[in-house]
J.: 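What follows is a structure written as structure tokens; I'll ask about it next.
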Amino acid sequence: MNTALQVNAFFEEETAMPRLSVAAELESAANRIDNISRADLQIMLRRAALVLRNVTGVTLDPAADESINGIAAEMRMSKPELIKTILGDWLVANAYLPVPYALDEESATDGSA
């Protein structure tokens, strides 16, 4: 079998079975620590280390970072939740995402939508 076919077969095999996230695998292992082998635990910890090593964040200038930290604390949200909210709102406001709407047919609109 040539290399391209081997690679395609590998990816088809990998996507055929749903895989747990690294965090879910670690949590599952923690819940069944008495039944997990040392080798399996080593594999999971190495995978987690690789994921953590490859994490990149958004670097903000100090003034923006301070403002976001303050707003997050004021709104009792985590910084990542606030950034996700801000980004989502900006994408909707600038027509990059559709406006989410839910109409309640029970409510009165008094002739206005």
Side-chain angles (χ1 to χ4, degrees):
M1 183 183 282
N2 72 27
T3 307
L5 291 176
Q6 288 174 335
V7 170
N8 287 340
F10 171 78
F11 283 112
E12 287 172 9
E13 194 175 295
E14 282 289 304
T15 57
M17 296 186 319
R19 293 181 46 119
L20 295 175
S21 70
V22 172
E25 285 182 26
L26 288 172
E27 187 172 15
S28 174
N31 291 335
R32 56 186 174 82
I33 194 72
D34 293 337
N35 300 330
I36 193 161
S37 72
R38 179 184 168 110
D40 287 341
L41 188 56
Q42 279 182 312
I43 291 168
M44 283 186 271
L45 290 173
R46 285 188 177 129
R47 192 177 301 152
L50 181 63
V51 168
L52 290 173
R53 206 175 296 124
N54 291 326
V55 169
T56 59
V58 176
T59 305
L60 301 172
D61 65 89
D65 193 44
E66 186 177 330
S67 293
I68 288 176
N69 286 331
I71 295 167
E74 184 179 313
M75 296 180 72
R76 296 186 179 154
M77 299 174 81
S78 69
K79 185 177 173 181
E81 288 174 318
L82 179 62
I83 292 172
K84 182 179 173 182
T85 300
I86 292 169
L87 184 59
D89 290 349
W90 184 86
L91 290 169
V92 168
N94 289 284
Y96 291 106
L97 288 176
V99 176
Y101 64 92
L103 294 177
D104 183 11
E105 295 184 19
E106 302 286 322
S107 65
T109 58
D110 295 329
S112 62

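Each residue takes its place number in the sequence, starting with 1. For the numbers below, each heavy atom of this structure counts, side chains included, while hydrogens, waters and symmetry mates do not.
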J.: Please say yes or no: joined through hydrophobic side-chain contacts below 4.5 Å, possibly via intermediate residues, are Val22 and Leu50 part of one cluster?
T.: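 Different hydrophobic clusters.
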J.: Examine Leu26 and Leu52 and state if one hydrophobic cluster contains both, with Ile, Leu, Val, Met, Phe, Trp and Tyr joined whenever side-chain heavy atoms are less than 4.5 Å apart.
T.: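 No, Leu26 and Leu52 fall in different hydrophobic clusters.
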J.: Strictly distance-based, threshold 3.5 Å: is any side-chain N or O of Thr85 a donor or acceptor partner for the main-chain N or O of Glu81?
T.: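 Present.
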J.: Between Glu25 and Met44, which heavy-atom pair has the shortest distance, and what is it?
T.: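 Smallest heavy-atom distance, with atoms named: O-SD, 3.6 Å.
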J.: Sort and list the pairs that fulfil side chain to side chain donor-acceptor pair (under 3.5 Å) and have at least one residue in residues 58-74, not counting sequence neighbours.
T.: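 Counting only pairs at least two positions apart or across chains, the side chain to side chain donor-acceptor pair (under 3.5 Å) contacts touching residues 58-74 are Asp65-Lys79.
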J.: A quick test of your reading: do over 12 heavy atoms of other residues, nucleotides or ligands sit less than 6.0 Å from CZ of Arg32?
T.: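 For Arg32, atom CZ is crowded (more than 12 foreign heavy atoms under 6.0 Å).
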J.: Can you tell me how far the CZ atom of Arg46 sits from the CZ atom of Arg53, to the nearest 0.5 Å?
T.: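 So the CZ of Arg46 and the CZ of Arg53 are separated by 10.5 Å.
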J.: Show your reasoning for whether side-chain contact (heavy atoms from CB on, under 4.5 Å) applies to Ile71 and Met75.
T.: CA-CA 6 Å; Ile71 295 167; Met75 296 180 72; 3.7 Å; yes
J.: Might you work through the side-chain hydrogen bond (donor to acceptor under 3.5 Å, both in side chains) test for Ser28 and Asn31, ending with a clear yes or no?
T.: CA-CA 5 Å; Ser28 174; Asn31 291 335; 6.0 Å; no
J.: At their closest point, which heavy atom of Ile36 faces which heavy atom of Ile33, and how far apart are they?
T.: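 That closest heavy-atom pairing would be CG2-O, 3.4 Å.
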J.: Taking all non-hydrogen atoms of both residues into account, name the closest pair between Pro98 and Val92 and its distance.
T.: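 Closest pair (atom of Pro98, atom of Val92, distance): O-CG2, 3.8 Å.
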J.: Can you give me the closest heavy-atom contact between Ile83 and Ile68, atom names plus distance?
T.: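 So the two residues come closest at CG1-CG2, 4.2 Å.
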J.: Please name the pair of heavy atoms, one in Leu82 and one in Ala72, separated by the smallest distance, quoted to 0.1 Å.
T.: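 It is CD2-N, 3.5 Å.
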J.: Is there a path of hydrophobic side-chain contacts, each under 4.5 Å between heavy atoms of I/L/V/M/F/W/Y residues, joining Leu45 to Ile43?
T.: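 No.
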